[in-house]
Amino acid sequence: MFEVLAKSLGKNVYEATVKTWFFEEGDAVVEGDDLVELATEDSVVTVPVPATGVLAEVCIDEDDTVQRDEVLCIIDDEENGLDEDADDDGTA
């Protein structure tokens, strides 16, 4: 499991509003894809997926405020979880 923290908020910026999640819980995610969009007072920051896996849990809902270093979501980055999920629904 991998916790994604709100770190890239900018210098002297300590909170942001979650604007858009690009994936839902249970979706497969690939490292480097856009994960979530955060809005600060001065800018909009897009947080990339830090590890390939499955978005296991969204910890902060859209339109809620997140503090710097707070957990945004949890990614299950274990490969066997991806393979088992693909076989369960009949897709490869």
Side-chain angles (χ1 to χ4, degrees):
M1 295 292 191
F2 190 88
E3 291 182 336
V4 179
L5 305 178
K7 288 191 172 274
S8 304
L9 300 180
K11 188 175 181 178
N12 297 324
V13 178
Y14 300 99
E15 68 179 23
T17 301
V18 174
K19 287 312 217 182
T20 306
W21 282 102
F22 297 108
F23 297 94
E24 295 181 10
E25 287 183 3
D27 286 350
V29 294
V30 176
E31 184 175 353
D33 285 351
D34 290 342
L35 177 62
V36 62
E37 187 176 71
L38 305 176
T40 68
E41 192 172 294
D42 298 324
S43 64
V44 175
V45 177
T46 301
V47 177
V49 175
T52 298
V54 174
L55 181 57
E57 180 181 351
V58 171
C59 301
I60 307 292
D61 293 326
E62 289 182 358
D63 298 323
D64 286 349
T65 301
V66 62
Q67 304 298 315
R68 180 184 288 208
D69 295 328
E70 189 172 356
V71 177
L72 289 165
C73 66
I74 298 172
I75 294 176
D76 182 352
D77 59 345
E78 295 196 21
E79 291 180 27
N80 61 359
L82 287 175
D83 294 338
E84 289 173 4
D85 290 343
D87 292 339
D88 288 344
D89 66 6
T91 60

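Basis for what follows: all heavy atoms, side chains included, without hydrogens, waters or symmetry-related copies. Residues take their numbers from the sequence shown, with the count starting at 1. These numbers come from a predicted model, not from an experiment.
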Common cluster, Val45/Val58, ILVMFWY with side-chain heavy-atom separation under 4.5 Å: no

Asp64 CG to Lys19 NZ distance, which is reported to the nearest 0.5 Å: 10.5 Å

Leu5 vs Glu70 side-chain heavy atoms within contact, under 4.5 Å: no

Interatomic spacing from CZ in Arg68 to CG in Asn12 - rounded to 0.5 Å: 7.5 Å

N/O donor-acceptor pair under 3.5 Å between Glu62 side chain and Trp21 backbone: yes

Exceeds 12 heavy-atom contacts within 6.0 angstrom, atom CD of Glu3: no

Minimal non-hydrogen separation, Gln67 against Thr65, with atom names: NE2-CG2, 3.7 Å

Would you list the atom pairs, donor with acceptor, under 3.5 Å between side chains in residues 26-39 and any protein atom, with sequence neighbours excluded?
from: Asp27; atom 1: OD2; to: Glu24; atom 2: N; distance (Å): 2.8

Within one Ile-Leu-Val-Met-Phe-Trp-Tyr cluster: Ile74 and Phe23, side-chain cutoff 4.5 Å: no

Flag side-chain contact, heavy atom, 4.5 Å: Glu15 against Thr40: no

Residue from Val49, Val54, Thr52 passing side-chain contact (heavy atoms from CB on, under 4.5 Å) with Ile75: Val49

